[in-house]
Amino acid sequence: HLLDDAGPDIHRETRAEFIAASGEYMAGWYRRNDFRGLMEITGAPQWDELYTMYLPDKAEARRALAIVNERVIAYGTTWSQTTALRGGFENEENAALQAALKLAQAWQAVLLITMHPSENPANQEVYAQALRDAGLPGLVTRHHFNLILRAADLYVKLSPSNGCIVAAMMGTPSVYMRTAGFDYAHELPFRCEIDGLPEMAKLAVESNGDPRWQDFIGYYNAAHPDGGAVERITNFIGTVC
């Protein structure tokens, strides 16, 4: 989700001769950034299982998580970039967390905090203390992402995370707070500056069931809505060989 005018980035320096692109967005991005090799749009294989595995409905997911509240927000944390040309990421992350906490307080919601796989595991206690300080019911976890998304009314993120695509696949609308240099290229998800979260969160929840969410998924994962990206990639590799 790197913007075309965001400046130097290692992703623009690919030396690959062949690319299996997850969707139209990825294919277009590499073409605009001078990729001249063979490219096939295949879909994203890491999400194939979501089309074949059993997924609980919202009521069952909430029972599994022992949630009885009417409103549930999932907040996905991120990780600090330490190799960028700019700083300030930690302050940005703290401000986004506080915005998510305030939103949950205003909505009298349960807040489910899902930790980024790449961040320091010790941050789990930081988030747990933040929940306690805010007086909010909720949990902090590095696991059960699909279950949490199924239970939530809304997924909130800092920056345009792939988690927003998974959330849409789980039937949960999302909103993300912008970070400099990155954005989705689709009209969805809803997006805002950190201080604009309450208004955009409301609009996102009201969009649940909007067919544009299906278009958003397909733009980034061409295998949607049936899966089968692994088979497409296998065929592409066979063609290359």
Side-chain angles (χ1 to χ4, degrees), residues 1 22-25 44 46-47 50-51 53 55-65 67 69-78 96-116 136-139 141 144-179 182-225 227:
H1 317 299
S22 61
E24 290 288 346
Y25 167 75
Q46 68 269 30
W47 292 327
L50 297 180
Y51 298 100
M53 68 189 298
L55 294 170
D57 61 18
K58 180 175 289 189
E60 183 179 349
R62 291 187 176 187
R63 283 196 300 270
L65 295 168
I67 295 173
N69 292 55
E70 291 186 4
R71 306 200 80 172
V72 180
I73 298 171
Y75 176 69
T77 70
T78 188
L97 173 62
Q98 290 303 313
L101 292 166
K102 290 178 181 178
L103 179 67
Q105 288 173 327
W107 286 12
Q108 296 182 319
V110 171
L111 185 61
L112 310 178
I113 299 179
T114 64
M115 294 182 62
H116 193 282
L136 286 169
L139 60 81
T141 181
H144 315 299
F145 189 50
N146 296 341
L147 187 69
I148 285 172
L149 291 177
R150 292 290 268 192
D153 297 301
L154 174 70
Y155 179 58
V156 177
K157 195 74 176 67
L158 172 63
S159 78
S161 165
N162 282 338
C164 295
I165 301 174
V166 179
M169 294 167 76
M170 297 293 103
T172 302
S174 61
V175 57
Y176 67 90
M177 294 168 274
R178 286 191 177 99
T179 188
F182 297 88
D183 242 329
Y184 272 115
H186 195 276
E187 62 182 320
L188 294 176
F190 290 81
R191 66 209 71 180
C192 59
E193 304 307 316
I194 290 176
D195 59 3
L197 180 60
E199 179 182 357
M200 284 298 108
K202 180 177 182 295
L203 292 176
V205 169
E206 292 172 351
S207 76
N208 194 17
D210 189 319
R212 291 179 300 165
W213 285 110
Q214 299 304 306
D215 182 70
F216 161 68
I217 300 168
Y219 186 50
Y220 290 93
N221 178 25
H224 185 72

Legend entry - Rounded distance (nearest 0.5 Å) linking atom OH of Tyr51 with atom CE of Met169: 3.0 Å
Legend entry - Pairwise ring-ring contact (aromatic ring centres under 6.0 Å, His included) hits with a residue in residues 150-174, at least two apart: Phe145-Tyr155
Legend entry - Partner set under side-chain hydrogen bond (donor to acceptor under 3.5 Å, both in side chains) for Asn69, not counting sequence neighbours: none
Inset, instruction - Answer yes or no: are there more than 12 heavy-atom neighbours, outside Glu199 itself, under 6.0 Å from its atom CD? - result: no
Legend entry - Under the side chain to side chain contact (heavy atoms under 4.5 Å, CB included) test, residues paired with Ala61 that sit two or more places apart: Pro56, Leu147, Arg150, Ala151
Inset, instruction - Would you give the length of the straight line joining atom CG of Leu154 to atom CG of Leu103, rounded to the nearest 0.5 angstrom? - result: 7.0 Å
Legend entry - Enclosure of Glu70 CD (heavy-atom neighbours >12, cutoff 6.0 Å): no
Inset, instruction - Have a look at Leu139 and tell me which of Leu111, Val110, Thr114, Leu65 forms a side-chain contact (heavy atoms from CB on, under 4.5 Å) with it. - result: Leu65
Inset, instruction - Drop me the distance from Arg191's CZ to Leu197's CG, to the nearest 0.5 angstrom. - result: 14.5 Å
Legend entry - Pair listing, salt bridge (Lys or Arg N to Asp or Glu O under 4.0 Å) test, anchored in residues 169-179, at least two apart: Arg178-Asp183, Arg178-Glu193
Inset, instruction - State which residues pass side chain to side chain contact (heavy atoms under 4.5 Å, CB included) with Ala59; sequence neighbours excluded, sorted by chain then number. - result: Asp57, Arg63
Inset, instruction - Name all pairs fulfilling the salt bridge (Lys or Arg N to Asp or Glu O under 4.0 Å) condition that reach into residues 151-174, sequence neighbours left out, sorted by first residue then second. - result: Lys58-Asp153, Arg62-Asp153
Inset, instruction - List for me each residue that meets side-chain hydrogen bond (donor to acceptor under 3.5 Å, both in side chains) alongside Ser161, sequence neighbours excluded, and say none if there are none. - result: none
Legend entry - Minimal non-hydrogen separation, Val175 against Ala201, with atom names: CG1-CA, 4.2 Å
Inset, instruction - To the nearest 0.5 Å, tell me how far Leu55 CG sits from Leu50 CG. - result: 6.5 Å
Inset, instruction - Sequence neighbours left out, what passes side-chain hydrogen bond (donor to acceptor under 3.5 Å, both in side chains) with Gln214? Give chain and number order. - result: His224
Legend entry - Spacing of SG belonging to Cys164 relative to NE2 belonging to His186, to within rounding of 0.5 Å: 13.0 Å
Legend entry - Those residues that, when tested against Ala96, pass side chain to side chain contact (heavy atoms under 4.5 Å, CB included) (two or more places apart): Tyr75, Leu158, Met177, Ile194
Per-pair distances, 0.1 Å, donor-acceptor, side chain in residues 203-211, under 3.5 Å, sequence neighbours excluded:
from	atom 1	to	atom 2	distance (Å)
Glu206	OE2	Lys202	NZ	2.6
Ser207	OG	Ala204	O	2.6
Ser207	OG	Trp213	NE1	3.0
Asp210	OD1	Arg212	N	2.9
Asp210	OD1	Arg212	NE	3.3
Asp210	OD2	Arg212	NE	3.1
Asp210	OD2	Arg212	NH2	3.0

Legend entry - side-chain hydrogen bond (donor to acceptor under 3.5 Å, both in side chains) involving Gln105 - partner list, sequence neighbours excluded: none
Inset, instruction - Check whether any side-chain heavy atom of Trp47 sits under 4.5 Å from a side-chain heavy atom of Asn162, and report yes or no. - result: yes
Inset, instruction - Under the side-chain contact (heavy atoms from CB on, under 4.5 Å) rule, what do Thr78 and Tyr176 come out as? Steps first, then yes or no, please. - result: CA-CA 12 Å; Thr78 188; Tyr176 67 90; over 6 Å; no
Legend entry - ring pair (Phe, Tyr, Trp, His ring centres under 6.0 Å) partners for Tyr220, two or more places apart: His1, Tyr25, Tyr184, Phe216
Inset, instruction - For Thr77 and Ile113, run side-chain contact (heavy atoms from CB on, under 4.5 Å): C-alpha distance rounded to whole Å, both residues' side-chain angles, the deciding distance at 0.1 Å, then the answer. - result: CA-CA 7 Å; Thr77 70; Ile113 299 179; 3.6 Å; yes
Legend entry - Rounded distance (nearest 0.5 Å) linking atom CD1 of Ile73 with atom OG1 of Thr172: 12.5 Å
